Amino acid sequence: MNIQMIEAAATRARSITRRTPLLSSRALDAIAGRRVLVKPECLQHTGSFKFRGAWSALTALPEDQRAKGVIAFSSGNHAQGVALAAQKLGVPAVILMPSDAPAAKIEGTRSYGAEVVLYDRTTESREEIGAAIAAERGLTLVRPYDEPQVIAGQGTCGLEIAEQAAEAGVTEADVLVCCGGGGLTAGIALALEARAPGLRVRPAEPEGYDDTARSLHSGSRERNAQEAGGLCDAILTPMPGELTFPINVRLCGPGVVVTDQEVLRAMSLALRHLKLVAEPGGAVALAAALFHGDELAGEAVICTISGGNLDPAMLARALEV
C-alpha cells in the first residue's frame with residue numbers, strides 16, 4: 001500500500017464519488033472545548049464511505065474478470081457500496097448479509113440490483129458460504145477491508161481531509177476515524193502520512209468492540225469476545241484486519257473508546273447542529289471528539305461521520321437521549 005495507489009484510485013473515481021465537505025458548528029465546538037471539523041461521509045453515494053473502496057476495487061479488476069461478477073459480505077454499508085458500483089459498471093453482484101442487519105440496509109442493497117443472500121452470523125460462516133458461491137459462479141470476492149484496492153479507495157477520503165484541513169488552517173490535529181476492520185483508518189492514515197503529516201489518525205470504537213484500541217496497545221491483533229449484538233452494527237468485526245493492522249499500528253495514535261450512550265448523544269447532536277443523519281457506527285468518532293477531549297491533543301480535532309444508514313426507530317431512539 002502506498003500513496004500512488006490512493007492517487008490512482010482517486011483518478012479512477014474522479015466525477016464518480018462525491019467530494020464530501022468539512023463541516024463545523026459553534027455549538028459542537030463549545031461542547032468539545034476545541035474546534036471540531038466533521039467529514040460527513042454519510043453524504044457519500046449509498047450513505048457511506050464504503051462506495052469509495054468498492055469503486056476502487058471493481059475498477060481495478062481486469063475487464064474480463066469483472067464482467068463475470070463480484071461477491072461481497074457485509075452488514076450493510078460495504079454491501080451497498082459494492083452493489084451500486086457493480087450496477088454502475090453493469091456487472092452482477094451477490095451480497096452476503098447477516099439476517100439481523102438493519103432492514104434499511106438490506107432493502108438498500110437490493111435496490112441497487114444486487115442478489116442478497118442472508119445468513120445467521122452466530123451459527124454460519126460468511127467466508128465458507130461466500131467461497132462456495134464464488135467458486136460455483138466464478139465471482140470475484142471483494143473484501144470489506146482486507147483488500148489493497150479497497151484500502152486505496154478509502155484513502156481518497158484522506159486526500160480530501162488533507163486538502164480541506166489546510167484550507168481551514170489546520171495543520172496539526174488528531175483525526176478521529178470510525179473503525180471496524182480498519183480499512184478507512186488505514187487508508188486515511190496512509191494519505192495523511194504523505195499529504196498532511198501533522199494530522200494523526202486515532203481509531204474510534206464502541207465499548208465492548210474495541211479490538212483495534214486493545215491491539216494498538218498490545219502490539220498484536222486482539223479478538224473481540226463477541227461479534228454481534230452491539231449498537232454500532234456497521235463497525236462490529238471480529239478483530240483488526242491482517243492488512244490493515246500493520247498500517248494502523250505504524251501510523252495511528254491510541255484508540256478512543258466510547259459508550260453507546262455517548263454514540264446516541266452524538267447522533268442527536270449531529271442532526272440538531274449539522275443537519276446530518278448519522279448511524280451509530282458512523283457516529284463513534286464524533287462521540288469521541290465531543291466527549292473524550294481529555295484524551296485528545298491540540299486546539300482542533302477532525303472526525304469522520306462514516307455512514308448514515310439507519311432505521312427510523314434508531315433515529316427516534318437517539319433523539320430521545
Side-chain angles (χ1 to χ4, degrees), residues 1-23 37-67 69-70 72 74 77-93 108 111-114 140 142-145 147-168 170 175 177-178 183-197 199 201 243-244 247 276 282 302 304-309:
M1 287 301 307
N2 54 53
I3 189 63
Q4 288 75 29
M5 286 181 66
I6 296 172
E7 290 173 337
T11 297
R12 296 196 304 276
R14 192 167 294 142
S15 78
I16 301 295
T17 58
R18 292 174 178 155
R19 187 179 191 269
T20 55
L22 202 60
L23 304 177
L37 299 173
V38 179
K39 181 69 168 169
E41 283 294 292
C42 51
L43 301 179
Q44 189 54 256
H45 294 301
T46 73
S48 163
F49 75 95
K50 289 288 191 177
F51 179 74
R52 294 178 184 268
W55 184 261
S56 173
L58 267 65
T59 55
L61 289 173
E63 189 171 346
D64 58 341
Q65 182 180 351
R66 184 173 65 225
V70 294
S74 164
N77 286 337
H78 179 62
Q80 292 179 90
V82 171
L84 179 59
Q87 184 184 66
K88 286 181 174 291
L89 292 165
V91 300
S111 75
Y112 296 122
T140 298
V142 182
R143 295 178 176 84
Y145 47 86
E147 162 56 49
Q149 288 297 346
V150 168
I151 297 171
Q154 318 309 22
T156 63
C157 182
L159 295 179
E160 294 175 15
I161 289 173
E163 295 172 359
Q164 293 165 326
E167 292 167 1
V170 176
V175 179
V177 180
C178 307
L184 180 62
T185 306
I188 290 178
L190 286 165
L192 296 183
E193 177 190 32
R195 295 290 175 261
L199 304 181
V201 169
L243 298 183
T244 59
I247 297 169
L276 294 174
I302 301 169
T304 63
I305 292 181
S306 58
N309 296 310

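Since the structure is predicted, the reported quantities are computational estimates derived from the model, not experimental observations. Along the sequence shown, residues are numbered consecutively beginning with 1.
- Nearest approach of A83 to A114, heavy atoms of both residues: CB-CB, 3.7 Å.
- Put simply, the side chain of Q154 never gets that close to the backbone of G183: no donor and acceptor are under 3.5 Å apart.
- Residue-environment remark: CD (E63) stays at or below the threshold of 12 foreign heavy atoms within 6.0 Å.
- Contacts of A79 classified as side chain to side chain contact (heavy atoms under 4.5 Å, CB included), with partners at least two apart in sequence or in another chain: S74, I95, M97, T109.
- In this structure, I302 and L199 have side chains that are in contact, with non-hydrogen atoms separated by less than 4.5 Å.
- The OG atom of S56 lies 9.5 Å from the CG atom of L61; values are rounded to the nearest 0.5 Å.
- L58 contributes atom CG, which lies 6.0 Å from atom CG of L89 (distance to the nearest 0.5 angstrom).
- Within the 4.5 Å cutoff, the side chain of T140 has no heavy atoms near those of the R66 side chain.
- Annotation: salt bridge (Lys or Arg N to Asp or Glu O under 4.0 Å) contacts involving residues 2-14, sequence neighbours excluded, comprise E7-R195.
- Annotation: salt bridge (Lys or Arg N to Asp or Glu O under 4.0 Å) contacts involving residues 77-87, sequence neighbours excluded, are absent.
- A 4.5 Å side-chain heavy-atom check between L276 and L23 finds at least one atom pair inside the cut-off.
- When side chains are defined from C-beta on, M5 counts as touching P148, because their heavy atoms get closer than 4.5 Å.
- When all heavy atoms are compared, the tightest approach of A162 to A196 is CB-CB, 3.9 Å.
- Smallest separation of non-hydrogen atoms from L184 and C157: CD1-CB, 4.3 Å.
- Of all non-hydrogen atoms in V82 and A72, the two that sit nearest each other are CG2-CB, 4.0 Å.
- Residues I151 and Y145 are not in side-chain contact: their nearest non-hydrogen atoms beyond the backbone lie 4.5 Å or more apart.
- Taken from CD1 in I161 to OG1 in T156, the straight-line distance is 10.0 Å, to the nearest 0.5 Å.
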Verdict with reasoning, V170 to L37, per side chain to side chain contact (heavy atoms under 4.5 Å, CB included): CA-CA 10 Å; V170 176; L37 299 173; 3.7 Å; yes

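- In this structure, CG on L190 lies 11.0 Å from CD on Q4, to the nearest 0.5 angstrom.
- The salt bridge (Lys or Arg N to Asp or Glu O under 4.0 Å) check on E193 picks up R250, with sequence neighbours excluded.
- Each salt bridge (Lys or Arg N to Asp or Glu O under 4.0 Å) pair with one or both residues in residues 151-160, not counting sequence neighbours, appears once here: K39-E160, R52-E160.
- Counting heavy atoms from C-beta outward, T20 and Q44 have side chains that approach closer than 4.5 Å.
- Counting all heavy atoms, side chain and backbone alike, A57 lies closest to V142 at CB-CG1, 3.9 Å.
- Applying the side chain to side chain contact (heavy atoms under 4.5 Å, CB included) test to E163 and every residue at least two apart in sequence or in another chain returns R19.
- Here the CG atom belonging to L43 is positioned 11.5 Å from the OG atom belonging to S48, to the nearest 0.5 angstrom.
- Contact check for P144 versus N77: no side-chain heavy atoms found under the 4.5 Å cut-off.
- Listed for the H45 side chain is a donor-acceptor partner under 3.5 Å among the backbone atoms of I16.
- Nearest heavy-atom pair, G187 versus I6, reported as atom, atom and distance to 0.1 Å: O-CD1, 3.8 Å.
- The closest side-chain heavy-atom distance from W55 to K88 is below 4.5 Å.
- Rounded to the nearest 0.5 angstrom, T185 OG1 and I247 CD1 are separated by 10.5 Å.
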